[in-house]
Amino acid sequence: MLYHRPRGVNDILPDEVGRWQQAEATFRELCRLYRYEEIRTPMFEETDLFVRAVGKDTDIVGKEMYTFKDRSGRSLTLRAEGTAPTVRAYLENNLQGQDRERLVKLYYIAPIFRYDRPQAGRYRQHHQCGAEAINSAEPEVDAEIIQLSMHFFRKLGIKDVTLLLNSVGCPGCRPDYVKALKSQIAPQFEQLCRECQRRYETNPLRLLDCKNEQCRQIMENAPVLRDMLCPDCAEHFAAVQQTLDTLEIPYTLDPTIVRGLDYYTKTAFEFVAPGIGAKDSIGGGGRYDGLIEQCGGPPTPAVGVGIGLERVLIAQQAATKAQPKAGREAVFVVTLGEEAWVAGLKLTAQLREAGVGAEIDYRKRSIRAQMRTADGDGYRWAVIIGDDEAQQGTITLREMDSGEQETIPRSELVSRLGAEEEEG
RNA sequence: GUGGACGUAGCUCAAUUGGCAGAGCACCUGACUGUGGCUCAGGUGGUUGUGGGUUCGAGUCCCAUCGUCCACCCCA
């Protein structure tokens with residue numbers, strides 16, 4: 001073999017593309033119901049957009065971006081994340097419009113690129129469907145984003161999705177917490193793993209979700225951010241929980257959910273599902289009240305979610321045992337001999353024009369072989385044209401499942417099948 | 001980025017101390033000369049991931065490389 005696909009990227013093959021289309025269609029339909037509008041942003045952006053939005057000291061920016069220079073020397077980066085491009089497009093195209101108070105609701109389905117060591121459910125190109133609700137500080141909007149996500153999982157038959165919920169505070173109260181956290185940990189600094197010693201300086205919040213056993217023991221005594229929120233953040237967090245209660249969406253409070261992107265404020269959440277493997281997170285998101293201002297826009301609160309399609313499909317496969325076989329459809333035109341072949345070609349064309357899927361055996365094999373194909377490839381009907389039919393201007397229409405067949409005038413076929421497709 | 005397991009037919013897997021690359025399923029053809037599914041018979045299919053090395057001889061041993069998977073890490 002001459003060429004290989006690059007490491008960590010996948011071909012989505014014909015026999016699995018149906019599941020993708022179904023998941024995408026489900027997300028689109030839900031976004032229509034929740035009144036989110038689709039936006040499509042470019043596959044790459046100025047590198048600085050991601051650096052500023054996601055944060056210099058995050059893993060995504062530090063070591064996972066696909067960054068390159070184009071021929072004019074500009075630094076560009078393949079979409080590393082969905083929110084920053086959406087926010088950029090929202091600002092650049094003035095999607096806010098004249099009504100300064102309007103809630104702008106956007107969604108996207110797009111590939112994401114991150115250079116990481118591949119594993120099952122972790123790829124260098126993966127796909128996310130995401131939703132962003134821009135220009136509302138209301139806690140009920142946080143809940144709507146979560147509600148939309150849970151609705152999506154439910155529609156796909158993924159049960160046992162757990163919603164992990166936390167609040168990471170705001171620029172007002174988080175520094176106080178970080179200060180308290182650092183002073184609490186300081187005496188045991190030497191006992192932290194090397195990575196955590198680095199985090200202590202660059203991104204102390206991430207100390208909370210280190211998996212190292214010794215670090216975890218030290219962290220057990222750490223103050224809980226949830227308890228140190230400023231009145232505004234505390235009130236917001238309580239209201240989010242209350243709205244979730246009202247909507248009967250169960251959740252688990254988890255102080256270790258801090259998210260790996262720096263722009264999050266207040267609400268942070270993650271969805272986990274069984275059956276994915278080591279990492280069972282199928283989606284996550286939160287509020288980012290500071291990001292839009294940071295990107296050069298007016299102060300604008302917002303909240304959003306990103307859902308990993310690859311992982312959703314894995315979870316769906318784990319949750320649903322047997323996947324339903326695709327129903328039979330379309331027509332296979334079986335011809336015998338030269339005269340029949342010409343008639344078959346014409347009929348095939350007519351069927352397609354009439355909106356009925358049709359295929360013909362260009363190899364002109366034996367009737368047996370053609371019938372085997374009609375059966376094996378899942379055709380609903382075989383249209384058989386042999387010597388008799390060719391001479392009489394008829395065809396024999398056979399329904400594969402029932403085995404029932406009748407010979408009818410050729411001219412009746414299209415209207416006959418067109419009608420049956422409608423009801424089928 | 002760290003540590004480990006594994007790459008043989010379309011799929012799932014065999015192949016003794018280094019000695020003729022195989023089976024099941026799938027696919028194709030025929031039995032059935034105008035009818036699919038069942039049965040039977042026959043058949044196609046491989047540069048053993050790739051490139052080197054050792055050897056009379058390598059799927060097997062050695063080195064490199066690419067890829068997949070697992071545990072870290074990280075994230076969706």
Side-chain angles (χ1 to χ4, degrees), chain A residues 1-10 13 15 54 58-65 79-83 109-130 149 193-196 198-199 203 206 209-213 215 257-261 269-273 276-285 305-315 328 332 334-337 340 363 365-390 395-405 407:
Chain A
M1 204 178 310
L2 230 51
Y3 296 109
H4 240 258
R5 61 179 190 259
R7 184 167 202 203
V9 301
N10 293 301
L13 302 173
D15 68 330
V54 177
T58 60
D59 282 1
I60 291 179
V61 170
K63 46 192 184 188
E64 295 178 1
M65 293 204 304
R79 178 167 42 229
E81 189 267 335
T83 299
I109 301 176
I112 306 281
F113 304 87
R114 284 179 210 164
Y115 186 90
D116 200 348
R117 184 132 166 199
Q119 222 170 292
R122 189 173 80 185
Y123 309 103
R124 289 181 177 178
Q125 175 181 351
H126 75 275
H127 299 78
Q128 281 187 25
C129 36
S149 308
C193 70
R194 190 190 298 177
E195 188 64 16
C196 278
R198 194 184 60 82
R199 288 189 185 121
N203 200 344
R206 296 215 58 86
D209 64 352
C210 182
K211 306 298 186 296
N212 180 292
E213 189 53 41
C215 295
I257 301 295
V258 294
R259 314 291 309 156
L261 298 85
F269 56 87
E270 207 165 297
F271 302 101
V272 299
I276 314 278
K279 200 47 189 186
D280 49 9
S281 165
I282 58 175
V305 65
I307 296 168
L309 270 175
E310 279 82 356
R311 289 186 184 176
V312 157
L313 292 176
I314 294 170
R328 289 184 171 274
F332 195 78
V334 176
T335 67
L336 291 159
R363 289 186 285 177
R365 297 171 299 167
S366 71
I367 185 169
R368 239 175 96 74
Q370 293 189 55
M371 288 303 290
R372 239 200 313 265
T373 297
D375 179 43
D377 288 357
Y379 286 93
R380 184 169 172 196
W381 293 285
V383 165
I384 301 162
I385 312 174
D387 291 337
D388 297 347
E389 290 88 345
I395 58 93
T396 295
L397 176 63
R398 180 182 180 87
E399 183 161 36
M400 297 305 290
D401 266 344
S402 63
E404 285 170 20
Q405 69 180 43
T407 300

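Letters A, B, ... are given to chains in the order of the sequence lines, protein chains preceding strands, and every chain is numbered from 1.
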Q: Atom CD in A/Q405, atom CE in A/M400: separation rounded to 0.5 Å?
A: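 If we round to the nearest 0.5 Å, A/Q405:CD and A/M400:CE are 10.0 Å apart.
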
Q: Between protein and nucleotides 2-5 of chain B, what N or O pairs are separated by less than 3.5 Å?
A:
unit_1 : atom_1 : unit_2 : atom_2 : d
B/U2   : O4     : A/R117 : NH1    : 2.9
B/G3   : O6     : A/R117 : NH2    : 2.8

Q: Whole Å only: how far is the CD atom of A/E270 from the C1' atom of B/A76?
A: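 Rounded to the whole Å, the gap is 9 Å.
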
Q: For A/I384, which contact category applies under a 4.0 Å heavy-atom criterion: base, sugar-phosphate, or nothing?
A: base

Q: Base of B/G1, side chain of A/E64 - is there a donor-acceptor contact under 3.5 Å?
A: no

Q: Tell me what A/E81 touches on the nucleic acid: a base, only sugar-phosphate, or nothing, going by heavy atoms under 4.0 Å.
A: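 Result for A/E81 = nothing.
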
Q: Could you tell me which residues satisfy side-chain contact (heavy atoms from CB on, under 4.5 Å) with A/L336, sequence neighbours excluded, listed by chain and number?
A: A/I367

Q: Which atom pairs link the protein and nucleotides 44-46 of chain B when you take only N or O atoms and keep those under 3.5 Å?
A:
none

Q: Starting at the 5' end of RNA chain B, what dot-bracket string do you get if Watson-Crick and G-U pairs under 3.5 Å are bracketed, crossing pairs use [ ], other-strand pairs use | and unpaired bases use dots?
A: (((((((..((((.....[..)))).(((((.......))))).....(((((..]....))))))))))))....

Q: Between the protein and nucleotides 36-39 of chain B, list every N/O to N/O distance that falls short of 3.5 Å.
A:
unit_1 : atom_1 : unit_2 : atom_2 : d
B/G36  : OP1    : A/R368 : NH1    : 3.2
B/G36  : O2'    : A/D375 : OD2    : 3.0
B/G36  : N7     : A/R398 : NH2    : 3.1
B/G36  : O6     : A/R398 : NE     : 3.4
B/G36  : O6     : A/R398 : NH2    : 2.7
B/G36  : O6     : A/M400 : O      : 3.2
B/G36  : N1     : A/M400 : O      : 2.3
B/G36  : N2     : A/D375 : OD1    : 2.8
B/G36  : N2     : A/M400 : O      : 3.1
B/G36  : N3     : A/D375 : OD1    : 3.3
B/G37  : O4'    : A/D375 : OD2    : 3.3

Q: So does A/Q370 reach the base of B/U35 with its side chain, donor to acceptor, closer than 3.5 Å?
A: no

Q: Taking only the side-chain nitrogens and oxygens of A/Q119, find out if one of them lies under 4.0 Å from OP1 or OP2 of B/A71.
A: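 Answer is yes, contact under 4.0 Å.
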
Q: Listed by chain and number, what are the ring-ring contact (aromatic ring centres under 6.0 Å, His included) partners of A/F271, not counting sequence neighbours?
A: A/F153, A/F269

Q: Have A/E389 and A/T396 got a donor and an acceptor in their side chains that come within less than 3.5 Å?
A: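 There is such a pair between these side chains.
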
Q: Quick one: pull up CD in A/E399 and CZ in A/R328 and give me the separation to the nearest 0.5 Å.
A: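 Output value for this atom pair is 9.5 Å.
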
Q: Indicate yes or no: does A/R7 engage A/D116 in a salt bridge with an N to O separation below 4.0 Å.
A: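 Judged by the 4.0 Å cut-off on N to carboxylate O distance, A/R7 and A/D116 do not form a salt bridge.
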
